[in-house]
Every structure is written in structure tokens, then in C-alpha cells.
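Only one structure is covered here, and it is reproduced in the block below.
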Amino acid sequence: MASATPAMSPGIGIDALASRLAAEIAGEHREVAAFAYCDSRGSLLGTLRIASSTSEWVDLPLRRIVTDAVLLDATRVVMAHNHPSGEAWPSRADRDVTRRLARALASVEARLDEHVVVGRDGALWSFRAAGLL
């Protein structure tokens, strides 16, 4: 299950939370996905980190991510993952898993608010800013 984290002040911004997740994984030498689970006011309920055994990709267990959202009673989820060997531009697989995760979360009345990709140089690419969420 996602680790419990002390609640932050209500109304934390999506951009601030996504930036915080991105900063936490930017220096990783293997691909890592990080998730923040929030309530409707933006209070942080818990976090999850999933690390890959390679620098090339991370397998996202969608069922676990959705289950954690349900167990935490989260209505909002923010995601970040890194590309330690390349640019922040999302791959086709990144786009596909984002769509699948957004649909899976919606089925339990939660929303994927943001997914940012962090490049090797620290650059960020936002699914929300690109209009894909």
C-alpha cells in the first residue's frame, strides 16, 4: 500500500506537487515512477514509488495504483516518472499507460490530475499542459 504521509495544507497546487515528485526522482539512474494520492482539497494522503530494475522502463502495476487510491480514499492522483537515459518527451508506451491509468482511476471516481516526465537533464514534459489529461 502507499505510504502514509502527513497531510499538507489544503489546496496544494498540482504543479507544485508534480514538481516535488519530479525533483525526488530526477537524479535516479534507473527509471522510477512516483505517485501522490490526494483528497479533493489537495491534501496529500500518501505516496508510492515504483523503481525499475533497468534504466529503460518501469512496469506500472495499474491494479496496485488504483487499489492504493481506493484504500487511501484519494480522489486525485499526480504521477511523475523519469527518463534517466534520454529526453523528457513521452514515449508511445508512456502515452498508452497514462490513458489506461486515467481510465482505471476514473472507474473508482478518482482523477489522474497530472503526469510529468523528467528527462536526463531535469527538463519536464507535462501531460496536463499538453492537453492529454
Side-chain angles (χ1 to χ4, degrees):
M1 183 171 129
S3 62
T5 305
M8 301 183 76
S9 61
I12 184 169
I14 295 168
D15 293 334
L17 190 51
S19 293
R20 178 175 146 190
L21 289 176
E24 290 175 4
I25 63 173
E28 294 285 343
H29 296 290
R30 57 188 176 159
E31 195 159 310
V32 175
F35 299 86
Y37 298 93
C38 301
D39 65 15
S40 61
R41 297 177 305 136
S43 295
L44 186 62
L45 303 171
T47 60
L48 174 67
R49 267 177 79 108
I50 301 169
S52 172
S53 59
T54 72
S55 64
E56 300 302 315
W57 59 277
V58 63
D59 186 29
L60 294 181
L62 298 184
R63 189 185 325 232
R64 176 178 179 195
I65 296 162
V66 172
T67 298
D68 283 351
V70 170
L71 291 173
L72 290 167
D73 200 24
T75 58
R76 300 169 61 194
V77 178
V78 175
M79 175 186 176
H81 89 277
N82 65 331
H83 285 173
S85 61
E87 295 184 19
W89 189 260
S91 67
R92 175 180 215 114
D94 293 338
R95 292 172 189 257
D96 290 344
V97 77
T98 300
R99 279 191 296 274
R100 288 190 355 250
L101 179 57
R103 281 194 306 267
L105 287 167
S107 74
V108 295
E109 299 177 6
R111 180 178 70 230
L112 182 60
D113 276 343
E114 175 65 287
H115 175 184
V116 294
V117 182
V118 185
R120 178 181 53 229
D121 59 358
L124 298 179
W125 194 92
S126 164
F127 276 78
R128 187 171 56 90
L132 299 175
L133 284 177

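Residue numbers run from 1 in the order of the sequence given.
Between Ala34 and Ile25 the shortest heavy-atom distance is CB-CG2, 4.1 Å. What you find for Cys38 and Leu17 is that their closest heavy atoms are SG-CD2, 3.4 Å. When every heavy atom of Ala88 is checked against every heavy atom of Ala123, the shortest pair comes out as CB-O, 3.4 Å. Closest non-hydrogen pair, Ser126 versus Glu114, comes out as OG-OE2, 2.6 Å. Here the closest non-hydrogen pair linking Arg30 and Ser52 is CD-O, 2.9 Å. A pairwise comparison of heavy atoms in Leu21 and Val78 identifies CD1-O, 3.5 Å as the closest pair.
Atom CE of residue Met79 and atom CD1 of residue Ile50 lie 8.0 Å apart, to the nearest 0.5 angstrom. Rounded to the nearest 0.5 Å, atoms OH (Tyr37) and CG (Leu44) are 11.0 Å apart. Summarising the geometry, atom CG belonging to Leu133 is positioned 6.5 Å from atom OG1 belonging to Thr98; distances are rounded to the nearest 0.5 Å. Note that the CG atom of Leu62 and the CZ atom of Arg100 stand 5.0 Å from one another [nearest 0.5 Å]. Here Leu132 contributes atom CG and Leu112 contributes atom CG; the two are 11.0 Å apart, rounded to the nearest 0.5 Å. Rounded to the nearest 0.5 angstrom, Leu72 CG and Phe35 CZ are separated by 13.0 Å.
In this structure a side-chain-to-backbone donor-acceptor pair under 3.5 Å is present from Arg120 to Ser85.
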Inset, instruction - List the steps, then state whether side-chain contact (heavy atoms from CB on, under 4.5 Å) holds for Val108 with Thr67. - result: CA-CA 9 Å; Val108 295; Thr67 298; over 6 Å; no

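Listed by chain and number, the residues in a salt bridge (charged side-chain N to carboxylate O under 4.0 Å, His left out) with Asp94 amount to none (sequence neighbours excluded). Here Glu24 pairs with Arg20 under the salt bridge (charged side-chain N to carboxylate O under 4.0 Å, His left out) rule; sequence neighbours left out.
Note on Val66 and Leu45: same hydrophobic cluster, where clusters join Ile, Leu, Val, Met, Phe, Trp and Tyr whose side-chain heavy atoms are under 4.5 Å apart, directly or indirectly. Linking Ile, Leu, Val, Met, Phe, Trp and Tyr whenever their side-chain heavy atoms come within less than 4.5 Å puts Leu48 and Val97 in one cluster. Under a hydrophobic-cluster definition in which Ile, Leu, Val, Met, Phe, Trp and Tyr are linked whenever side-chain heavy atoms come within less than 4.5 Å, directly or via other members, Trp89 and Val118 are assigned to different clusters.
Counting only heavy atoms from C-beta outward, the side chains of Val117 and His81 approach each other to under 4.5 Å. Residues Glu31 and Asn82 have side chains in contact (heavy-atom distance under 4.5 Å, counting atoms from C-beta outward). Within the 4.5 Å cutoff, the side chain of His29 has no heavy atoms near those of the Pro84 side chain.
Using cut-offs of 30° and 60° on the angle between ring planes, the pair His115 and Phe127 is parallel.
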